[in-house]
Engineer: 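First the structure, then my questions, so here it is.
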Amino acid sequence: MIPCAIASAIIRVFYSWPGNVRELEHAIHRAIVLARASSSRGDIILQPQHFTFDNTNHSSSVIPKDMPVPIIKNLRDATEDFQRKIITQSLEQNHFNWSASARELEIDTANLHRLAKRLILK
């Protein structure tokens, strides 16, 4: 629970908060977590840097900008395409042994057969 004096100070700072109350609550809790992580003492002091929301560190390093983006009709088609490729690769690696492929894919053999039938691999 946040003491009343701190809560009123936070309300004054965020009086013109552009989001909803849940977003404000999340921002405050995030700032507290960041303050605790940067403090070695038991007491924490919220500083303005604890409320910064700079996402540039995360988004640019995950996906390369020059990576080609496949054209996908919908999520179901993309998922089925991916499953087809993985199952086919596993079957080829295991010399079309369905049981060995199922073990490699960590699924039940009967489920692999049903999935292959649905994906028109059988």
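Bear in mind the structure is a predicted one, so any value in this text is a computation, not a measurement. The basis for the numbers below is simple: all heavy atoms, side chains too, and nothing from hydrogens, waters or symmetry mates.
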Engineer: To the nearest 0.5 Å, what is the distance between CZ on F96 and OG1 on T88?
Structural biologist: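 Here the rounded value is 8.0 Å.
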Engineer: Atom CD of E23 and atom CZ of R30: how far apart are they, to the nearest 0.5 Å?
Structural biologist: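 CZ of R30 is found 13.5 Å from CD of E23.
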Engineer: Should S101 and L112 count as side-chain neighbours, where that means a heavy-atom distance under 4.5 Å?
Structural biologist: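 Side chain of S101 against side chain of L112, heavy atoms only: contact under 4.5 Å found.
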Engineer: What residues, two or more places apart in sequence or in another chain, satisfy side-chain hydrogen bond (donor to acceptor under 3.5 Å, both in side chains) together with N111?
Structural biologist: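 Residues passing side-chain hydrogen bond (donor to acceptor under 3.5 Å, both in side chains) with N111: R114.
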Engineer: How far does CG of L121 sit from CG of L115, to the nearest 0.5 angstrom?
Structural biologist: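 The CG atom of L115 is 7.5 Å from CG of L121, to the nearest 0.5 Å.
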Engineer: Mind running side chain to side chain contact (heavy atoms under 4.5 Å, CB included) on Q89 and R84 for me, showing each step along the way?
Structural biologist: CA-CA 9 Å; Q89 285 175 358; R84 249 185 234 103; over 6 Å; no
Engineer: Hydrophobic clustering (ILVMFWY, side-chain heavy atoms < 4.5 Å, transitive) - are L119 and F82 grouped together?
Structural biologist: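 In one cluster: yes.
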Engineer: Checking E104 now: which residues fulfil side-chain hydrogen bond (donor to acceptor under 3.5 Å, both in side chains) with it, not counting sequence neighbours?
Structural biologist: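 Partners of E104 under the side-chain hydrogen bond (donor to acceptor under 3.5 Å, both in side chains) test: S90, N94.
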Engineer: Go through the structure and list residues passing side-chain hydrogen bond (donor to acceptor under 3.5 Å, both in side chains) with R76, not counting sequence neighbours.
Structural biologist: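 Residues passing side-chain hydrogen bond (donor to acceptor under 3.5 Å, both in side chains) with R76: E80.
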Engineer: For residues H29 and E25, determine if any side-chain heavy atom of one lies less than 4.5 Å from a side-chain heavy atom of the other.
Structural biologist: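 Heavy-atom side-chain distance check passes, below 4.5 Å.
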Engineer: Do W98 and K122 make a side-chain contact, defined as non-hydrogen atoms from C-beta onward lying under 4.5 Å apart?
Structural biologist: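 Heavy-atom side-chain distance check passes, below 4.5 Å.
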Engineer: Kindly compute the distance separating CD1 (I87) from CG (L91), expressed to the nearest 0.5 Å.
Structural biologist: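 Taking CD1 in I87 and CG in L91, the distance rounds to 7.5 Å.
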